[in-house]
Amino acid sequence: MKYWLVKSEPDCFSIADLAKSKRQTTCWDGVRNYQARNFLRDEMRCGDQVLFYHSSCEQPAVMGLCEVVKEAYPDHTAFDRDSDHYDPKSKQSDPTWMMVDIKLVRQFAEPLPLEKLKSVAGLKEMELLRRGSRLSVQPVTRPQFDLILKLAK
DNA sequence: GCCAACGTTGGC
DNA sequence: GCCAACGTTGGC
């Protein structure tokens, strides 16, 4: 099993929005970065555990835990002229962009702020904390993942 | 294939 | 709103 962290701007789609979604499940659309796409497409498997992170907001934080419930399939928003994520270069016959479905497992009782993560010795190597890191879908190691769940209690 | 210009991300 | 870091684009 693998472990991941995905970023979302809460103004756009928050963990509360996920909690309100049908079956507490959403398609993770709009990823338009090749490295992130490759993780989604090539490595994410059903049952993988996913940390849900709020970015570009007042308090950037890990908000809860999700899991992958559907593996990669074409991101239809890339074909939609009216979508913010429209990409004319992605063709139905050969889709450039993919998405997975994730389901909420549980929201943390308290957000686990970025500021806190920075102070934890065992998380020094996290991709999230790397200077200039912008990956919106990123792998998390098992020890990092376990530590974050422990901190979230 | 290089690299400057530009656009985006995301913390602060 | 600022700005550093990064990714992409496109001329050459």
Side-chain angles (χ1 to χ4, degrees), chain A residues 2-21 26-44 48-68 71-102 104-141 143-152:
Chain A
K2 290 201 170 79
Y3 305 89
W4 307 95
L5 180 144
V6 297
K7 296 179 185 173
S8 186
E9 299 185 19
D11 289 346
C12 174
F13 187 82
S14 70
I15 197 161
D17 294 325
L18 176 58
K20 280 181 291 190
S21 301
T26 187
C27 58
W28 203 254
D29 62 347
V31 171
R32 296 293 179 269
N33 167 282
Y34 286 101
Q35 202 181 347
R37 189 277 315 268
N38 292 347
F39 284 133
L40 285 180
R41 185 188 61 188
D42 305 333
E43 296 195 46
M44 275 195 169
D48 282 4
Q49 303 294 106
V50 182
L51 299 167
F52 193 111
Y53 178 80
H54 280 178
S55 66
S56 293
C57 56
E58 212 166 299
Q59 189 194 48
V62 180
M63 303 301 293
L65 178 63
C66 303
E67 78 176 37
V68 177
E71 294 177 10
Y73 60 108
D75 181 344
H76 56 80
T77 65
F79 310 131
D80 178 2
R81 280 174 188 285
D82 295 327
S83 168
D84 288 343
H85 304 298
Y86 176 58
D87 179 3
K89 293 192 299 302
S90 181
K91 299 193 214 71
Q92 302 253 9
S93 56
D94 183 22
T96 308
W97 305 113
M98 309 291 275
M99 59 190 185
V100 298
D101 287 357
I102 65 169
L104 183 63
V105 173
R106 64 190 156 83
Q107 201 168 338
F108 294 160
E110 301 284 343
L112 190 51
L114 176 63
E115 199 185 2
K116 169 71 182 170
L117 300 181
K118 285 177 174 173
S119 72
V120 178
L123 298 177
K124 286 273 186 288
E125 302 299 316
M126 265 192 91
E127 171 66 24
L128 185 71
L129 303 184
R130 250 194 51 229
R131 180 175 168 76
S133 171
R134 301 180 359 182
L135 253 188
S136 65
V137 176
Q138 54 182 259
V140 174
T141 68
Q144 289 164 355
F145 178 82
D146 289 345
L147 192 45
I148 284 171
L149 287 197
K150 210 168 94 187
L151 291 166

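It should be emphasised that the depicted structure is a prediction, and the values quoted were computed from it without experimental measurement. Each chain gets a letter, A, B and so on, in the order the sequences are listed, and its residues count up from 1.
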Salt bridge (charged side-chain N to carboxylate O under 4.0 Å, His left out) against [X], all qualifying residues, sequence neighbours excluded:
| X | answer |
| --- | --- |
| A:Lys150 | none |
| A:Asp80 | none |
| A:Glu127 | A:Arg130 |

Please name all residues satisfying ring pair (Phe, Tyr, Trp, His ring centres under 6.0 Å) with A:Phe145, sequence neighbours left out, ordered by chain then number. A:Tyr3
Partners passing ring pair (Phe, Tyr, Trp, His ring centres under 6.0 Å) against A:Phe39 (at least two apart in sequence or in another chain): A:Trp4
In what stems does DNA chain B take part, counting only runs of at least 3 consecutive Watson-Crick or G-U pairs whose two distances fall under 3.5 Å? B:1-12 with C:1-12
Which two nucleotides bound the region of DNA chain B that has atoms under 4.0 Å from heavy atoms of chain A, read 5' to 3'? B:dG7 to B:dC12
Solution key, residues 28-37 of chain A side-chain donor-acceptor pairs under 3.5 Å, sequence neighbours excluded:
{"from": "A:Arg32", "atom 1": "NE", "to": "A:His85", "atom 2": "O", "distance (Å)": "3.0"}
{"from": "A:Arg32", "atom 1": "NH1", "to": "A:Asp75", "atom 2": "OD2", "distance (Å)": "2.9"}
{"from": "A:Arg32", "atom 1": "NH2", "to": "A:Asp75", "atom 2": "OD2", "distance (Å)": "3.3"}
{"from": "A:Arg32", "atom 1": "NH2", "to": "A:Thr77", "atom 2": "OG1", "distance (Å)": "3.0"}
{"from": "A:Arg32", "atom 1": "NH2", "to": "A:His85", "atom 2": "O", "distance (Å)": "2.9"}
{"from": "A:Asn33", "atom 1": "OD1", "to": "A:Gln35", "atom 2": "N", "distance (Å)": "3.0"}
{"from": "A:Asn33", "atom 1": "OD1", "to": "A:Ala36", "atom 2": "N", "distance (Å)": "2.9"}
{"from": "A:Arg37", "atom 1": "NH1", "to": "A:Thr96", "atom 2": "O", "distance (Å)": "2.7"}

Would you be so kind as to tabulate the donor-acceptor pairs closer than 3.5 Å made by side chains of residues 106-119 of chain A, with sequence neighbours excluded?
{"from": "A:Ser119", "atom 1": "OG", "to": "A:Lys116", "atom 2": "O", "distance (Å)": "2.7"}

